[in-house]
Structures are given as structure tokens and as C-alpha cells.
Chemist: 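Dropping a structure here in C-alpha cells format, bear with me for questions.
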Amino acid sequence: MFWHFWGGADRPVVERIVEGFNASQDRYRVRAIAMPGANLDLKFFLSVAGGSPPDVMNQDDPVVADWAHRGLLASLEEMASAEELERLEGWLFPAARRLGSFDGRLYALCNGLDIRALYCNQTLLAEHGLSPPRTLEELDRIAETIAPHHAEGDRTRMGYLPDPRRLWAWGAAFGGSFYDSDAEDVEAMITADSPRVLDALRWMGGYADRYGPSALARFRSGEQALTGASFTLLNNRRYAVQMDGQWRLRDVAAVRARAAERGEACDEITVVPLPRPAGGVANAGWVNGNFFVVPHNARSKDGAWAFMKYWAGFGNEAAAGEACAAGGWIPASERVVASEAYQAAIEREPLLRVFVDLAASEYQQPVPPLPVASHYYQEVIGAAQDVLYRGADPDESLRGAAERVRRRLRGVMQR
């Protein structure tokens, strides 16, 4: 039994992958059960406690370390051979390995990465004599040129506006890290308040200083009433530059297709990596993705491992390339990227190459593999929200968040 969270246009893709696996061999048969909604974790916990868990489940939240620490998960060592584990180490992109690791062991197999970059409305930028940003200074210039801070009245457009959720990405681009894996104590392990991450939040907070926290909050809350508010770069030019993931390429393609049907012109969109300040890191950012986990008391771990390998493409790169192309996912391995089907997807949509290149970077950082990862993720975002929307001091906000995470981690480790 396989639990997953996909619905909508992605669900038929999942079903085709399952059908392909079932047809590829006669030893196992996978039954896919869609479990969308906020209660997936609770259902999983109850199924494990009750002794009737799924054999394998796909997740995309930072839960691996927490669930492994609680003893809920089987490690890959329990299913894979030593030879497979050795090959897997070099087969996975660095980011994919980190997403599945805890305490030096793999507990999850990543099957798709989600990468962030800057989408740029090149047509809108050109109208203002601007180009896609290569440096942080150029990004700030775009923001000020398109939306001067001294302009009066309510704003309907921003050149660029930092998103509190993206402090995780900007902290990495600034050369910071949220985790010291070599630290021996909790105090040093949590590094959200390290100098480079603080620099990133100070830079983000500069937008609140220029425009006013309440104005930024109003601008963001006003998006809720807009059609297509989740990606307003194209639909209504609300932004000239916006950070988002590779899945937005579907939206870009859809807008292009509608414009072509109507014989209308369409704004040109390009994608660039996050620009960095002096001392920052190229091709850095925040990464998450989809991964398979197996409960410690699953009934068919061998079958789960066979299915996980099939979907991820470990020894099955051609079929995995087709699946990733259909689902809009970034493969977890360069070997799958090199498949004929995925190369064809890049040829159809060249902007995809930017995300694929970033996926291979060792500087794409996931949420740290800690038993408090979900709490850590939210605390960092909360600190950025306080700065951008309430005018809080960046240093105090981030240091407070880091200390709360340290306190939570001490409690977990003492149990």
C-alpha cells in the first residue's frame, strides 16, 4: 500500500507511474491511495501505532529527522544492499542526499527536488530600461525604479518584494548556514542567528524601512483577492521579479498558450539564480522536495524498496525521466536528468535548465536534519514576518527565534 498527497493534474501522473511499476514485474503490486489534506501526518502516526501502516509513503515536509528520531521509520540500510547504498551515495544529487538523511544514515529516498530561482518579467523590466538582476544591487535597483519608495498612494505593483518564507533561501545566498553539523552542543548547532543569515534578514528588512511595514503587509494581503494571486508575475504584472519554484513553468506555458490562441502578445519571462552580495555564494538557496519513507513496521519493505527505486530512477533512469518530465519535478540524480525524456523536456522549456543546474549545486540547503526541523522552519519564517510586516528589529527577531529552537531541541534530546 502506497500513500501519497498528490491530487489535481498530478494524480494521473502518479497513477501512471504506479501502473508502470506493476507492469514491470510480477513480484509486487502497488495500490496507491491519495491522502491529501492537513491530516496526513496524524493518519500516518495512527496507522503506525495501530500496526497497519502503509508500506511506503511520499512526503514533502521536513519530517525525516523528527520521525527517524522517534523510531517511526526504517532506514534504507534495512532494505538496500551495501552495494546499493554505496552506489546511491554517488547517484543522488547532494541536496537529495541531505533531504533523506538523519544522524549519518539515509531514512528517505528523494524522488524529486523543488528548487527556487528568480522569475523575471523581462518585458516589464525592459520598459523601465532594466535587465534581469545579476547582483543584489541590481535587484534593489529594480525594486526602487518600478516602485519608488517616495511615491504616494496605494501601490499596485512592486519591482521586487522579499517573501518571509524565503529567508531560508537568501540566508544561503548570503553565505550563511542554519546548521552546524559538526557542533557537539545545541547552542552551536542552531546557527539561524549567525552573521551572514542576520545580514540577509537585515537586507530583507530594508524593504520594510523603505516602504513601511504596514504598506508591505497591505500589499501582500491584497493579493488574496486577485485571480492567479499565487503567481502574479504574468497574470497582472504585480511584480517584475518574483522568487518561486520550477513548477511555475507550467503557469508560464499556460499563459503563453492562451496568448497564442488569441493572437496576442505575451510578456517574455526569464529565470536567473539568486544574486548574491559580496562574500555570498553562487548557486545557493533553499531546497525541498518529495521523498519516500517506509514505516519501521511496514509489512513489505522489500516491495517498498523496489517501488521507491523504480520511481526515483535508481537503475530505472529512462522511465523516471518520463515521470519527472510529466510531473514537472526536478530529478534527484544527474543520471535521470540525462535521460532522453528529460532532455526533451528541457528542450521544450529551456528555462527548466536553470533549475536543473541549481539542483546539482552543493550549496542548495534543506531545512537542517533535526528532530525539531518543522518547528525550526516556522520560527525562521516568523522572525522574517515580524521584521517585514511589523517593523521588528532583525537581530532581536532572529536571535529570539534561534533561542526558542535551541530550547525546543534541548527538550527533545533530553527525552
Side-chain angles (χ1 to χ4, degrees), residues 93-95 98-99 113-120 125 130-145 158-183 188-210 239-246 270-288 330 351 353-368 376-377 380-381 383-384 387-388 393-395 397-399 401-402:
F93 280 136
R98 295 184 188 120
L99 280 169
L113 294 168
D114 288 333
I115 301 291
R116 277 79 181 167
L118 293 185
Y119 284 84
C120 306
L125 291 176
L130 300 165
S131 300
R134 295 166 297 176
T135 67
L136 210 62
E137 291 75 16
E138 290 178 355
L139 181 57
D140 289 337
R141 190 178 307 123
I142 287 169
E144 182 61 23
T145 301
M158 285 284 188
Y160 173 74
L161 180 60
D163 185 327
R165 298 171 300 167
R166 306 313 185 203
L167 175 55
W168 284 98
W170 284 117
F174 269 67
S177 174
F178 293 84
Y179 175 56
D180 183 352
S181 59
D182 296 324
M189 195 178 295
I190 304 298
T191 58
D193 52 352
S194 59
R196 287 291 184 176
V197 179
L198 282 169
D199 285 345
L201 185 54
R202 291 179 191 127
W203 168 73
M204 293 171 68
Y207 281 71
D209 295 338
R210 287 195 291 276
Y239 298 97
V241 177
Q242 189 173 359
M243 191 192 300
D244 220 319
Q246 81 281 346
T270 192
V271 178
V272 297
L274 304 190
R276 66 189 192 278
V281 177
N283 296 329
W286 177 70
V287 60
N288 70 325
I330 304 295
L351 294 180
R353 169 59 66 184
V354 178
F355 294 97
V356 170
D357 289 345
L358 289 171
S361 170
E362 63 179 300
Y363 301 112
Q364 291 291 322
Q365 300 180 19
V367 176
Y376 196 175
Y377 176 70
V380 168
I381 293 173
V387 171
L388 282 169
D393 177 79
D395 292 40
S397 295
L398 205 47
R399 286 171 181 152

Chemist: Could you go through W203 and L139, starting from their C-alpha distance and side-chain angles, then the distance that decides it, and tell me whether this counts as side chain to side chain contact (heavy atoms under 4.5 Å, CB included)?
Modeler: CA-CA 12 Å; W203 168 73; L139 181 57; 4.0 Å; yes
Chemist: Can you give me the closest heavy-atom contact between A383 and S397, atom names plus distance?
Modeler: CB-O, 3.7 Å
Chemist: Say whether, by atom type as modelled, one donor and one acceptor occur between the side chain of E362 and the main chain of P94 under 3.5 angstrom.
Modeler: no
Chemist: Can you find a heavy atom in the side chain of W286 that is under 4.5 Å from one in the side chain of R165?
Modeler: no
Chemist: Please enumerate all residues that pass side chain to side chain donor-acceptor pair (under 3.5 Å) together with Q246, with sequence neighbours excluded.
Modeler: D114
Chemist: Over 60° means perpendicular and under 30° means parallel, so classify the ring planes of Y119 and F355, tilted if in between.
Modeler: tilted
Chemist: For Q242 and G159, indicate whether the former's side chain and the latter's backbone hold a donor-acceptor pair under 3.5 Å.
Modeler: no
Chemist: Checking D357 now: which residues fulfil salt bridge (charged side-chain N to carboxylate O under 4.0 Å, His left out) with it, not counting sequence neighbours?
Modeler: R353
Chemist: Are S177 and Q365 packed together at the side-chain level, in the sense that at least one heavy-atom pair is separated by less than 4.5 angstrom?
Modeler: yes
Chemist: Drop me the distance from D163's CG to Y239's OH, to the nearest 0.5 angstrom.
Modeler: 7.5 Å
Chemist: List the atom of D395, the atom of L198, and the distance in Å for their closest heavy-atom pair.
Modeler: CA-CD2, 3.8 Å
Chemist: With a 4.5 Å cut-off on side-chain heavy atoms, are Y376 and P368 touching?
Modeler: yes
Chemist: Does the pair M204 and L167 meet the rule for a side chain to side chain contact (heavy atoms under 4.5 Å, CB included), with working shown?
Modeler: CA-CA 8 Å; M204 293 171 68; L167 175 55; 3.8 Å; yes
Chemist: Using side-chain heavy atoms (C-beta onward) and a distance below 4.5 Å, is W170 in contact with L136?
Modeler: yes
Chemist: If you round to the nearest 0.5 Å, how far is OG of S194 from CG of D199?
Modeler: 9.0 Å
Chemist: Quick one: pull up CZ in R134 and CZ in R276 and give me the separation to the nearest 0.5 Å.
Modeler: 12.5 Å
Chemist: Please name the pair of heavy atoms, one in R202 and one in P195, separated by the smallest distance, quoted to 0.1 Å.
Modeler: NH1-O, 4.4 Å
Chemist: Any side-chain donor paired with an acceptor under 3.5 Å for D140 and Y207?
Modeler: yes
Chemist: Take R98 and Q364 through the test side chain to side chain contact (heavy atoms under 4.5 Å, CB included) and record every step on the way to the result.
Modeler: CA-CA 10 Å; R98 295 184 188 120; Q364 291 291 322; 5.5 Å; no
Chemist: Measure from the side-chain N and O atoms of Y179 to the backbone N and O of A192, and report whether any donor-acceptor pair falls under 3.5 Å.
Modeler: no
Chemist: Closest approach of V272 and P132, non-hydrogen atoms and distance?
Modeler: CG1-CB, 4.0 Å
Chemist: Do F178 and V367 pass the side chain to side chain contact (heavy atoms under 4.5 Å, CB included) test, and can you show the C-alpha distance, the side-chain angles, and the key distance before you say yes or no?
Modeler: CA-CA 8 Å; F178 293 84; V367 176; over 6 Å; no
Chemist: With rounding to the nearest 0.5 angstrom, report the CG to OH distance, L274 to Y363.
Modeler: 15.0 Å
Chemist: Of all heavy-atom pairs between A359 and I115, which one has the smallest distance, and what is that distance?
Modeler: CA-CD1, 3.8 Å
Chemist: Calculate, to the nearest 0.5 Å, the distance between atoms CZ and CG belonging to R399 and L201 respectively.
Modeler: 11.0 Å
Chemist: What closest approach, in Å, do G175 and V281 show between heavy atoms, and which atom pair accounts for it?
Modeler: CA-CG2, 3.6 Å
Chemist: Would you say that S131 contacts L125 through its side chain, given a criterion of any heavy-atom pair below 4.5 Å between the two side chains?
Modeler: no
Chemist: With heavy-atom distances below 4.5 Å as the criterion, would you say the side chains of V197 and T191 are in contact?
Modeler: no
Chemist: Rounded to the nearest 0.5 Å, how far does CG of L118 lie from CG of D244?
Modeler: 10.5 Å
Chemist: Just by distance, do the side chain of T270 and the backbone of C120 share a donor-acceptor pair under 3.5 Å?
Modeler: no
Chemist: Are N288 and R116 linked by a side-chain donor-acceptor pair shorter than 3.5 Å?
Modeler: yes
